[in-house]
Number of protein chains: 2
Amino acid sequence: MKANLTGHDEPVLPADFRMTPQRTVVHEVVKASYDHPTATEVFMRAKEHVPAISLATVYNCLDTLVAHGLLKQVNLDRASSRFCANMNDHVHFHCDQCGAVADAHPISNMPISTLWKLPEGSRVTRLDIAIRGICPECVKKNATAKPQV
Amino acid sequence: MKANLTGHDEPVLPADFRMTPQRTVVHEVVKASYDHPTATEVFMRAKEHVPAISLATVYNCLDTLVAHGLLKQVNLDRASSRFCANMNDHVHFHCDQCGAVADAHPISNMPISTLWKLPEGSRVTRLDIAIRGICPECVKKNATAKPQV
DNA sequence: AATGAGATCAATAATCATTCTAAGAAAGCT
DNA sequence: AGCTTTCTTAGAATGATTATTGATCTCATT
């Protein structure tokens with residue numbers, strides 16, 4: 001198995017998937033980023049390695065990598081999509097103040113059906129969970145900057 | 001208390017909030033809609049009552065109503081935001097096939113912190129949960145249309 | 001009733017993320 | 001090598017939303 005920064009297993013890829021230089025760079029950029037970069041951020045970082053790469057290619061590569069299970073796409077409200085190379089089961093914590101996105105890992109494995117009453121006869125394929133709040137850094141910043149009025 | 005279609009309590013509004021005719025229409029349109037309409041859909045429905053209303057005004061009204069807790073905004077991936085007059089605690093079930101959005105109400109009241117390990121010292125303000133899958137209608141449609149290959 | 005401050009409205013333009021299009025480049029198959 | 005398919009690229013296009021700006025409305029005070 002190929003070594004990688006995150007320590008996750010690489011999924012088995014179908015034969016028709018070509019790991020082109022552009023896709024490799026896009027994948028490596030996201031794997032080396034711990035801040036859930038947007039497509040534009042990935043584009044800027046990828047350019048340092050492949051200056052000729054275009055934003056459209058970055059979008060194409062991200063789509064392909066997500067479709068093949070090498071990356072996760074994170075959508076928060078209507079802001080730009082963000083990308084994440086952590087393929088373990090997790091949700092995202094989003095700071096309303098600084099916009100930072102952090103991973104939050106599950107503690108228990110409660111099935112969805114025990115938490116919410118789903119439409120009778122529906123089939124669940126995916127769960128998108130975003131926890132919004134104030135991150136520890138901003139909580140601290142607020143406490144020192146403007147004490148309770 | 002004012003009677004309304006959904007049977008929920010109307011929140012107490014701050015003095016600086018003006019319930020203008022446009023805001024009233026936008027609010028009533030969403031309250032009378034059970035399909036989580038988009039801003040454009042609200043615009044089209046509101047036009048039947050106030051033909052002169054503009055899309056920009058609908059956006060402004062929706063923003064204000066959401067900010068004052070009279071409506072909920074539902075964001076699913078990068079599609080248009082949808083709006084919802086059900087102010088009870090609930091999450092959304094989104095059908096990948098027909099795009100329908102249905103409410104799903106909580107069964108248990110597990111605190112978030114028992115389900116996911118949040119960043120130490122963070123403060124949670126909101127939980128955005130979208131359950132994706134196939135709705136009962138589409139499951140049925142698929143079964144009759146194309147039996148297992 | 002007139003005034004003035006502040007909020008709201010509507011039309012238009014602008015922005016922003018993303019997708020589409022078309023043409024050339026690269027890779028894989030025969 | 002020749003053919004086919006897939007990728008990449010630049011630029012145009014799309015679609016949702018936001019910003020701007022001047023007109024209009026509302027309300028508390030004169």
Side-chain angles (χ1 to χ4, degrees), chain A residues 13-30 35-68 70-84 94 99 101 130, chain B residues 13-30 36-68 70-84 94 99 101:
Chain A
L13 293 170
D16 71 333
F17 178 85
R18 291 191 200 157
M19 189 46 105
T20 66
Q22 288 86 347
R23 290 178 183 177
T24 304
V25 168
V26 166
H27 191 203
E28 291 298 327
V29 162
V30 179
D35 59 346
H36 300 79
T38 62
T40 306
E41 285 162 353
V42 172
F43 172 52
M44 293 187 302
R45 292 172 203 179
K47 260 183 130 144
E48 293 168 15
H49 302 98
V50 183
I53 201 168
S54 78
L55 180 57
T57 298
V58 169
Y59 270 106
N60 289 340
C61 292
L62 288 170
D63 281 355
T64 310
L65 291 165
V66 168
H68 287 87
L70 289 159
L71 294 180
K72 266 187 183 163
Q73 183 164 354
V74 185
N75 298 114
L76 296 162
D77 290 355
R78 292 205 46 76
S80 305
S81 295
R82 290 166 172 278
F83 297 87
C84 171
H94 183 211
V101 177
Chain B
L13 294 171
D16 72 334
F17 177 85
R18 293 192 200 154
M19 189 48 105
T20 66
Q22 288 86 347
R23 289 177 183 179
T24 304
V25 167
V26 167
H27 191 204
E28 292 297 328
V29 162
V30 179
H36 299 78
T38 63
T40 307
E41 284 163 352
V42 172
F43 172 52
M44 292 187 303
R45 292 173 202 179
K47 260 184 130 146
E48 293 168 16
H49 303 98
V50 183
I53 201 168
S54 79
L55 178 57
T57 298
V58 170
Y59 269 105
N60 290 339
C61 293
L62 288 170
D63 280 355
T64 311
L65 291 166
V66 168
H68 286 88
L70 289 157
L71 293 180
K72 266 188 184 163
Q73 184 165 354
V74 186
N75 298 113
L76 296 162
D77 289 354
R78 291 205 45 78
S80 305
S81 295
R82 292 166 171 278
F83 297 87
C84 170
H94 182 213
V101 177

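Residue numbers begin at 1 in each chain, while the letters A, B, ... track the order of the sequences.
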Is there a side-chain polar atom (N or O) of [X] under 4.0 Å from OP1 or OP2 of [N]?
| X | N | result |
| --- | --- | --- |
| B/Thr20 | C/dT8 | no |
| B/Gln22 | C/dA10 | yes |
| A/Ser81 | C/dT18 | yes |
| A/Ser54 | D/dT8 | no |
| A/Arg18 | C/dG28 | no |
| B/Arg78 | C/dT18 | yes |

Let me know the distance between [atom1] of [X] and [atom2] of [N], rounded to the nearest Å.
| X | N | atom1 | atom2 | result |
| --- | --- | --- | --- | --- |
| A/Asn60 | C/dA22 | CG | P | 16 Å |
| B/Leu65 | C/dT8 | CG | P | 11 Å |
| A/Glu41 | C/dC16 | CD | P | 14 Å |
| A/Phe43 | C/dT18 | CZ | P | 14 Å |
| A/Met19 | D/dT6 | CE | P | 18 Å |
| B/Lys47 | C/dA10 | NZ | C1' | 12 Å |
| B/Asn75 | D/dG15 | CG | P | 19 Å |
| A/Phe17 | C/dA27 | CZ | C1' | 14 Å |

Beyond-backbone contact of A/Leu70 with A/Phe17, side-chain heavy atoms, under 4.5 angstrom:
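Heavy-atom side-chain distance check passes, below 4.5 Å.
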May I ask you to say what A/Ala79 touches in the nucleic acid, namely base, sugar-phosphate or nothing, with a heavy-atom cut-off under 4.0 Å?
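Nothing, no nucleic acid heavy atom in range.
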Name the nucleic acid region contacted by A/Thr57, choosing base, sugar-phosphate or nothing; use a 4.0 angstrom heavy-atom cut-off, strictly under.
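Base contact.
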Looking at B/Glu28 and B/Val25, would you say the former's side chain and the latter's main chain have a donor-acceptor pair under 3.5 Å?
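The answer is no, because no donor-acceptor pair under 3.5 Å joins these two groups.
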Main-chain N/O of A/Arg23 paired to A/His27 side chain as donor or acceptor, under 3.5 Å
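A pair under 3.5 Å: no.
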For the side-chain contact (heavy atoms from CB on, under 4.5 Å) test, which of B/Met19, B/Gln73, B/Lys72 pairs with B/Leu65?
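Per the side-chain contact (heavy atoms from CB on, under 4.5 Å) rule, the option paired with B/Leu65 is B/Met19, out of B/Met19, B/Gln73, B/Lys72.
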D/dT8, C/dT19, D/dT17: which one has an atom nearest the side-chain heavy atoms of B/Tyr59?
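Shortest atom-to-atom distance from the side chain points to D/dT17.
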Where the side chain of A/Ala56 is defined as all heavy atoms beyond and including C-beta, which of C/dT12, D/dG11, C/dC9 is the nearest nucleotide?
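For the A/Ala56 side chain, the nearest candidate turns out to be D/dG11.
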By nearest heavy atom, map B/Pro21 and B/Arg82 onto DNA chain D; which one lands nearer the 5' end?
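Mapping each residue to its closest nucleotide by heavy atoms, the 5'-most match is B/Arg82.
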Spacing of OG belonging to B/Ser80 relative to NE2 belonging to B/His36, to within rounding of 0.5 Å
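Between B/Ser80 OG and B/His36 NE2, I get 14.5 Å after rounding to 0.5 Å.
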